[in-house]
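Order of appearance sets the numbers: ligands from 1, and atoms from 1 within every ligand. Note that this is a predicted model, so its numbers are computed, not measured.
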Amino acid sequence: MTRSRGAGAVDGEGGRTKESEHAVTDDPIPPTLEWAGDRVRYIDQRLLPGELVVAEARTVPEVCDAIATLAVRGAPAIGAMGAFGVALAAVRGEDTAAAGEALIATRPTAVNLAWGVQRALAADDPVAEACRIAEQDVATNRALGGHGAALVPDGARVLTHCNAGALACVGYGTALGVIRAAHEAGRAVHVWVDETRPVLQGARLTAWELQRLGIDATLVADVMAASLMASDEVDLVVVGADRIAANGDTANKIGTYGVAVLAHHHGVPFYVAAPSSTIDPATPNGGAILVERRDPEEVCVVAGRRIAPEGIRAENRAFDVTPAELVTAWITEAGVFHRFADALAARS
Ligand code: MRU
């Protein structure tokens, strides 16, 4: 893996890669991933918000490592990264099927990963297909954001969990895409950003994105959501998703289910924003979704500093499942659906 800080890859202030064929234009957030002929360029999300570093993966193991270590994370982003991994194998004359297996094995919960890998494997030209997936991701998120923005009234106070922004995709974002589209439509929006323990995607990534976009935001500890809702300071919740089962049960970052229960108790609408590629008709319900268990050290060590005694047992479930009955509506590129069966039927 090669890293470049600033010059040569990204200018460090939201610039575009020189060799980019697929860069998102006019965007304060640089593309999360880009194909660069014989390698993939990606923002190393582990280093944000301190440093905006564009790293490069030239081999399938390097792509696998970037996904497994959360340098590239977020369901649509790992879908595109998986497709680029297959593209790299093809360019290097390697066994693409074996590459696909290794890529899919890196993270089990987000269905987008297998979706991206399989699309690239099935194509005559995996490079062209991977680039298409990346381009389509941004268009899909803009469409999804446009539909969802109608649910965000002027002056809305919106709570979100984890990072479902541009960084979690190739560009624009899903849950943050909805917020962003409302902001771009001229509406005042205030975002409560859950910090999102243990890996702090909210504090590190969502807060960074919202600052760059000029969207008013306040960072809160995850445990504050109940208090905010009790004092009537949340008008709606919007989150992303990693896998949506055939009955609408929705896996997303650990802690999402608790937010959904709170929202239900307080009569706050709870929206899930995700591309159709996150819907998995082959998984009948949430009980059949495999939830990734990550290294317990992520719970015990924050920003390199140990916060728990050596030897304490810790558990680190990366996701939880929100039952469909707690979801007010699902927002996809095809529209806003209050019944999940309609979202399933409309998927492209
Ligand atoms: O472990 P992560 O950071 O990959 O988890 C990401 C999430 O849970 C996101 O909310 C989800 O992937 C939706 S991203 C548009």
Just which atoms of ligand 1 are under 4.0 Å from any heavy atom in Gln201? 1 (O), 2 (P), 3 (O)
Per atom 14 (S) of ligand 1, closest listed option by heavy atom (Ala168, Ala110, Gly173): Ala168
Within-4.5 Å side-chain heavy-atom neighbours: Phe84 and Val72: no
Close side-chain approach of Phe340 and Asn247, heavy atoms under 4.5 Å: no
Qualifying salt bridge (charged side-chain N to carboxylate O under 4.0 Å, His left out) pairs, either residue in residues 235-244, two or more places apart: Arg157-Asp235, Arg243-Asp280
How far is atom 10 (O) of ligand 1 from its nearest protein heavy atom, and which residue and atom name does that atom have? Asn252 OD1, 2.6 Å
Counting each atom of ligand 1 from 1 as listed, which ones have a heavy atom of Ala164 under 4.0 Å away? 14 (S), 15 (C)
Does ligand 1 have a heavy atom under 4.0 Å from the side chain of Asn163, from its backbone, from both, or from neither? backbone
Heavy atom of the protein closest to atom 6 (C) of ligand 1 (residue, atom name, distance): Arg73 NH2, 3.4 Å
Here the salt bridge (charged side-chain N to carboxylate O under 4.0 Å, His left out) pairs for residues 193-210, sequence neighbours left out, are none
Of Val272, Asp242, Thr174, which has the heavy atom at the shortest distance from atom 7 (C) of ligand 1? Asp242
Decide yes or no for Thr196 and Asn163: does some side-chain heavy atom of the first lie under 4.5 Å from some side-chain heavy atom of the second? no
Going by heavy atoms, is Thr278 under 4.0 Å from ligand 1? no
Hey, which atoms in ligand 1 end up nearer than 4.0 Å to a heavy atom of Ala75? 12 (O), 14 (S)
Close side-chain approach of Asp137 to Ser277, heavy-atom, < 4.5 Å: no
Check the side chains of His190 and Thr218 for a donor-acceptor pair under 3.5 angstrom, ignoring hydrogens and angles. yes
Ligand-side contact atoms (ligand 1) for residue partner Arg107, heavy atom cut-off under 4.0 Å: 1 (O), 2 (P), 4 (O)
Taking atom types as modelled, find out whether Thr206 and Gln201 have a side-chain donor-acceptor pair closer than 3.5 angstrom. no
Atom indices of ligand 1 within 4.0 angstrom of Lys253 heavy atoms, with elements: 1 (O), 2 (P), 5 (O), 8 (O)
So, are Arg180 and Asp27 salt-bridged, with charged N and O less than 4.0 Å apart? yes
Looking only at heavy atoms of His161, does any of them come nearer than 4.0 Å to an atom of ligand 1? no
May I ask you to check whether Cys169 has an N/O atom sitting below 3.5 Å from an N/O atom of ligand 1? no
Does any N or O of ligand 1 fall below 3.5 Å from an N or O anywhere on Pro76, backbone included? no
